[in-house]
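What follows is a single structure, written as structure tokens, with notes after it.
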Number of protein chains: 2
Amino acid sequence: MDSIEALSAFSALSQSTRLDVFRLLVKVGSQGLPSGEIGERLGVRQNTMSANLTVLLNAGLVRNEREGRTIRYFADFETMRGLLGFLMEDCCGGRPDLCQPVIEEIACIL
Amino acid sequence: MDSIEALSAFSALSQSTRLDVFRLLVKVGSQGLPSGEIGERLGVRQNTMSANLTVLLNAGLVRNEREGRTIRYFADFETMRGLLGFLMEDCCGGRPDLCQPVIEEIACIL
DNA sequence: ATATTATATCAATTATTCATGATATATGGA
DNA sequence: TCCATATATCATGAATAATTGATATAATAT
């Protein structure tokens, strides 16, 4: 992850529909969702959703796979990992107590 | 953290100077940096830096403290925690292996 | 009080981004 | 082949955001 990619990712996440889409895809996890269903669930028109999915795709935050006529989208956890690592780089120098709560926040509690 | 706050934070991080500022403040940690020194280190004009710091401030990503004539800025790890938690909410439903690498990426290795 | 230093705000121009109607492409079915 | 469905692209007007010169405020020093 470099600065250009990170900017692209943050920019993608800084718009309401796209943030909703990404969080939805994070929740559904590895099974992903078809483009059309994402649009229906969020109440967004077809071409608007398509444009927003393209932005997320270019930012590397989502992947897609064609499946017959529909195209299924998935959150890309690898990019997420790179993005958070980039943002928190060297965060712990001398004060791991600052960083620790951040880690705990996203820790899986199952 | 709600959607409005998250959008404000991502929007703040989606600009080159501000991303640099935030990462710098993450690195220096609890001692923070005076506004002027941030500008010098990043080669950004005074009023541009001031405007960008205000954006980060309004997004809750940084805090500041007056210290005589200078104003010292700090990364706000609490907001960071809320932001990442919001983004990864329910990420682990059924597949913690997707989420685990993301956590490991920001884990403190000292 | 006046000057100096540090930072913030204002106004205006330029540049980006967004949603949308219209249209194009791609797949599957009849 | 022709039609229907699913998704993507294009062009454009409207809204937002970025940079900057000029100026204002706030704290310290003389």
Side-chain angles (χ1 to χ4, degrees), chain A residues 3-25 28 31-76, chain B residues 3-25 28 31-76:
Chain A
S3 190
I4 307 279
E5 294 172 298
L7 285 169
S8 166
F10 286 128
S11 173
L13 292 173
S14 69
Q15 197 270 349
S16 176
T17 297
R18 291 193 300 258
L19 182 56
D20 291 345
V21 169
F22 185 74
R23 296 211 314 143
L24 177 58
L25 292 177
V28 303
Q31 81 185 56
L33 280 176
S35 172
E37 189 170 341
I38 298 173
E40 279 169 29
R41 287 213 204 183
L42 301 179
V44 175
R45 290 166 196 259
Q46 189 272 317
N47 59 355
T48 298
M49 181 51 73
S50 174
N52 282 318
L53 285 169
T54 299
V55 173
L56 287 167
L57 205 54
N58 289 335
L61 287 166
V62 304
R63 292 178 300 104
N64 66 9
E65 262 173 35
R66 180 170 282 276
E67 202 172 80
R69 313 194 233 215
T70 82
I71 298 183
R72 187 174 290 267
Y73 282 81
F74 309 83
D76 189 323
Chain B
S3 189
I4 305 281
E5 295 171 298
L7 285 169
S8 166
F10 287 128
S11 174
L13 292 172
S14 71
Q15 197 270 350
S16 175
T17 297
R18 293 194 298 258
L19 181 56
D20 290 345
V21 169
F22 185 75
R23 295 212 313 143
L24 178 57
L25 292 177
V28 304
Q31 80 185 56
L33 280 176
S35 170
E37 189 171 341
I38 299 173
E40 279 170 30
R41 288 212 203 184
L42 300 181
V44 175
R45 291 167 195 259
Q46 189 272 318
N47 59 354
T48 299
M49 181 53 73
S50 175
N52 281 317
L53 285 170
T54 299
V55 173
L56 286 167
L57 206 52
N58 289 335
L61 287 165
V62 304
R63 290 176 302 104
N64 65 8
E65 263 174 33
R66 181 169 280 278
E67 201 171 80
R69 319 195 229 214
T70 80
I71 297 182
R72 186 173 291 266
Y73 282 82
F74 310 83
D76 189 323

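The chains referred to below are lettered A, B, ... by the order of the sequence lines, with proteins before strands, and numbering in each begins at 1.
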> Taking CG from A:L19 and P from C:dC18, how many angstroms apart are they, rounded to a whole number?
Replying inline: 13 Å

> Within the structure, does a side-chain N or O atom of B:R18 lie under 4.0 Å from either OP1 or OP2 of D:dA18?
Replying inline: yes

>> Rounding to an integer number of Å, can you tell me how far B:L7 CG sits from C:dC18 P?
In response: 11 Å

>> The test is side chain to side chain contact (heavy atoms under 4.5 Å, CB included); show your working for A:L13 and A:L61 and say whether it passes.
In response: CA-CA 9 Å; A:L13 292 173; A:L61 287 166; 3.6 Å; yes

> Hey, mind stepping through B:S8 and B:N58 against side chain to side chain contact (heavy atoms under 4.5 Å, CB included) and telling me if it holds?
Replying inline: CA-CA 8 Å; B:S8 166; B:N58 289 335; 5.6 Å; no

> Could you state the CZ-P distance from B:F10 to D:dA17, rounded to the nearest angstrom?
Replying inline: 17 Å

>> Tell me the bend of the helix from C:dA1-D:dT30 to C:dA30-D:dT1 as the angle between end helix axes, each from five pairs, rounded to the nearest 10 degrees.
In response: 20°

> Once you round it to whole Å, what is the distance between C1' of D:dT9 and CG of A:L57?
Replying inline: 14 Å

>> Please check this pair: side chain of B:S50 against backbone of B:N47, looking for a donor-acceptor N/O pair closer than 3.5 Å.
In response: no

>> Rounded to whole Å, how long is the line connecting atom CD of A:E67 with atom P of D:dA6?
In response: 13 Å

> Among residues 44-56 of chain B, which residues get a heavy atom nearer than 4.0 Å to DNA chain D?
Replying inline: B:R45, B:N47, B:T48, B:N52

> Which residues, if any, of residues 68-75 of chain B bring a heavy atom under 4.0 Å of DNA chain C?
Replying inline: B:R69, B:T70, B:I71, B:Y73

> For B:L33 and C:dA6, what is the distance between atoms CG and P respectively, to the nearest whole Å?
Replying inline: 15 Å

> Any idea which heavy atoms bring A:L19 and B:A6 closest together, and the distance?
Replying inline: CD2-CB, 4.0 Å

> Considering only D:dA26, C:dA19, C:dA8, which nucleotide approaches the side chain of B:R66 most closely?
Replying inline: D:dA26

> When rounded to the nearest 0.5 angstrom, what distance separates CG in B:L7 from CG in A:D20?
Replying inline: 7.5 Å

> Can you tell if the side chain of A:L57 reaches within under 4.5 Å of the side chain of A:L53, non-hydrogen atoms only?
Replying inline: no

> Hey, is the main chain of B:G68 close enough, under 3.5 Å, to the side chain of B:R66 for a donor-acceptor pair?
Replying inline: yes

> Over how many whole Å does the gap from B:N58 atom CG to C:dA8 atom C1' extend?
Replying inline: 12 Å

> What do the steps show when you test B:Q15 against B:V55 for side chain to side chain contact (heavy atoms under 4.5 Å, CB included), and what is the final call?
Replying inline: CA-CA 10 Å; B:Q15 197 270 350; B:V55 173; over 6 Å; no

> Between CG of B:L33 and OH of B:Y73, what distance do you get to the nearest 0.5 Å?
Replying inline: 12.0 Å

> Is there side-chain contact between B:T17 and B:T48, with at least one heavy-atom pair below 4.5 Å?
Replying inline: no

> Are B:V21 and B:N52 close enough, and set up right, to give a side chain to side chain contact (heavy atoms under 4.5 Å, CB included), and what steps lead you there?
Replying inline: CA-CA 9 Å; B:V21 169; B:N52 281 317; 5.8 Å; no

